[in-house]
**Q** 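I am attaching a structure below and will ask some questions about it afterwards.
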Amino acid sequence: MSAVRVRFAPSPTGYLHVGGARTALFNWLLARKCGGTFILRIEDTDVERSTRESVDAILQGMEWLGLDWDEGPFYQSDNFPLYKEHVRKLLDAGKAYKCYCTAEELDARRELAMKEGRKPKYDGTCRERGDAPEGAPYVVRFRAPQGGEVAFDDLIKGRIAFPAEELDDLIIQRTDGTPTYNFCVVIDDAVMRITTVIRGDDHVNNTPRQIQLYQALGYPVPQFAHVPMILGSDKARLSKRHGATSVIAYRDMGYLPEALMNYLVRLGWSHGDDEIFSREEMIEKFDIGNVGRSASVFNPEKLNWLNAHYIKTGDPERLADLLLPHLSSRGVSTLNGPRLVDVVTTLQERAQTLEEMADRALFYYSAPTSYDEAALAKFDKDHLTAVYTIVAGKLSTAGEASAAGYDQIFKDICTENGWKMPQVGQPVRIALSGGTQAPGIGEIVQALGRDESIRRILAAAAFLSGE
RNA sequence: GUCCCCUUCGUCUAGCCCGGCCCAGGACACCGCCCUUUCACGGCGGCGACACCGGUUCAAAUCCGGUAGGGGACGCCA
């Protein structure tokens, strides 16, 4: 096991969204690549907004994608005493101080500063304050070192430097005694001995403050890698308005976890011209230094293509299992019908998602109750009747066959009767499925079974004569 | 407003660090043709980009400077 220790630290205020999933993926990839440790930590210091349901939803999303963690999940809410202790330490060392300014005063000053074109940082009212108002509520602020600059070498973006003047005295403990985010991350990452912090680039501005905190606390500063954001089609931050953002929603829409993983890993990262990556390949080829510096737009079309690819090349048995819930939600039971694996096999090249596959599988489990009139109208009634009669007869005398075997039978029927394939295939397809968009007829007959196929052909013939 | 970051086809990106092989390659989408038993799959081809302006150089997508545009942060949220 190498010394590399990374972590994914979501806040449980909602489900696992694709942006978070990609951050988790990059962390996981780096850990797996160098035999490091991947830690899951739940950032629930905001007791108000954190929920158990969100934690479950996040774990569920990670499990579905196969992003397994080596340690955790740890909860920041379990560490309050630890944070308290560190606040004490800073206070005693004079590296932090109590601030009695009220939230209202702060808001007013911030607003005024903005209006006057000044930077809205804390004005330091309580920084050098000597008195301690009796019983007045206070927050604890970090005494940010001024002068010089704070810089770091980001693994993705390169060197980033901030003038120390830009960094103000951030609050590390609220009036109610709870610690704040920027303080907790530092302590947790330090205590968990995280070597590489991979997170969204909306955190780059927090990084210099955190570095000052590491230094004030005497902890080694980890390496940082800030991953660019994922945008919607209008280049605005990806949100529900652009479609689904929840990982689990993608599962429910019929996407395969390997397809989403493959899509996500290629968003912002690439390896030459490669597009398809198995789990093993991404672990082998991933390099955090190759992650792009600019934001990328989430493109559902490409996800569809990848999903179609994995459906086409996937194991039919597994796909059949995964398809089951999509069938049940349509009220379909596969108990009295063709084997689902056979059905799946005929549909693998024709579906981009499991939802689409479920729709296309419907006719296998319930015989058509009506037929595509327009398609039928392309043939005259006598021809249709002749085709149905001859095909039904021929199938009755033939034994069970493979899809290719049935196709041969249809070819024989054509040559024996002087018909062209479309003149036979289309009518039969309509009789079997009700419409024209369906797998090859040999495939359908094989999956449906010879007897059921004959029944449906006869039913179509009866329907015609009944008109 | 201040600070930080970003900028190659509509989209994801290769190339950029180590200038010439790039009048820029791949993929998705789109268009056309082929295959064909419908729908698909597949094959072939097409459309399509170095944000802009200067500089350095024999030579710049690649190096330097500036401009514009976009994004992020500025919270007793994370």
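To find a chain, count down the sequence lines: A is the first, B the second, and so on, and within it residues start at 1. The figures here come from the full heavy-atom set of this structure, side chains too, leaving out hydrogens, waters and symmetry mates. What you see is a predicted model, and the numbers here were worked out from it, not measured in a lab.
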**Q** For B/G42, does OP1 or OP2 lie under 4.0 Å from any side-chain N or O of A/Lys312?
**A** yes
**Q** Looking at B/G26, does its base get a donor-acceptor pair with the side chain of A/Glu275 below 3.5 Å?
**A**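 Indeed, a donor on one side and an acceptor on the other fall under 3.5 Å apart.
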**Q** Listed by chain and number, what are the salt bridge (charged side-chain N to carboxylate O under 4.0 Å, His left out) partners of A/Asp107, not counting sequence neighbours?
**A**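 A/Asp107: salt bridge (charged side-chain N to carboxylate O under 4.0 Å, His left out) contacts with A/Arg110.
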**Q** At under 4.0 Å, does any side-chain N or O of A/Lys378 touch on OP1 or OP2 of B/U38?
**A**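 No, A/Lys378 has no side-chain N/O under 4.0 Å of OP1/OP2 on B/U38.
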**Q** Decide whether a cation-pi geometry holds between A/Arg209 and A/Phe142; the criteria are a distance under 6.0 Å from NZ or CZ to the six-membered ring centre and an angle within 45° of the ring axis.
**A** no
**Q** What contact category does A/Pro439 fall into here, base, sugar-phosphate, or nothing, at under 4.0 angstrom with non-hydrogen atoms?
**A** base
**Q** Below 4.0 angstrom from OP1 or OP2 of B/U13, is there any side-chain N or O of A/Ser296?
**A** yes
**Q** Measuring from the side chain of A/Val297 (C-beta onward, heavy atoms only), which nucleotide among B/U13, B/U38, B/C12 has the closest atom?
**A** B/C12
**Q** Would you measure the distance from the P atom in B/C53 across to the matching atom in B/C9 and give it in whole Å?
**A**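 It comes out at 16 Å once rounded to the nearest Å.
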**Q** Which nucleotide in the list B/C5, B/A40, B/U37 gets nearest to the side chain of A/Met421?
**A** B/U37
**Q** Quick one: what's the B/S/- string for nucleotides 72-78 of chain B, heavy-atom cutoff under 4.0 Å, read 5' to 3'?
**A** BSBSBBB
**Q** Indicate syn or anti for B/C39, taking the glycosidic torsion and treating anything within 90° of 0 as syn.
**A** anti
**Q** Of the nucleotides B/U38, B/C4, B/C12, which one has an atom closest to the side chain of A/Ile160?
**A** B/C4
**Q** Nucleotides 16-23 of chain B: which of its N/O atoms have a protein N/O under 3.5 Å away?
**A**
none

**Q** What nucleotide among B/C41, B/C4, B/U2 has an atom nearest to a side-chain atom of A/Phe162?
**A**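 Ranking B/C41, B/C4, B/U2 by closest atom to the A/Phe162 side chain puts B/C4 first.
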**Q** Of all the nucleotides listed (B/U38, B/G10, B/U37), which has the minimum atom distance to the side chain of A/Gln426?
**A**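 So the side chain of A/Gln426 is nearest to B/U38.
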**Q** Whole Å only: how far is the CG atom of A/Asp274 from the C1' atom of B/G26?
**A**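 Rounded to the whole Å, the gap is 10 Å.
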**Q** If the P atom of B/U13 is compared with that of B/U57, how far apart are they to the nearest Å?
**A**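 After rounding to an integer number of Å, I get 36 Å for this pair.
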**Q** Given atom CG of A/Leu303 and atom C1' of B/A29, what is their separation to the nearest angstrom?
**A** 14 Å
**Q** Considering only atom C1', compute the distance from B/A27 to B/C63 and round it to an integer number of Å.
**A** 30 Å
**Q** How far does NZ of A/Lys84 sit from CG of A/Leu91, to the nearest 0.5 angstrom?
**A**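 Result: 11.0 Å between the selected atoms.
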**Q** Would you say A/Ser270 places a side-chain N or O within less than 4.0 Å of OP1 or OP2 belonging to B/A14?
**A**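 Looking at the OP1 and OP2 atoms of B/A14, one of them is under 4.0 Å from a side-chain N or O of A/Ser270.
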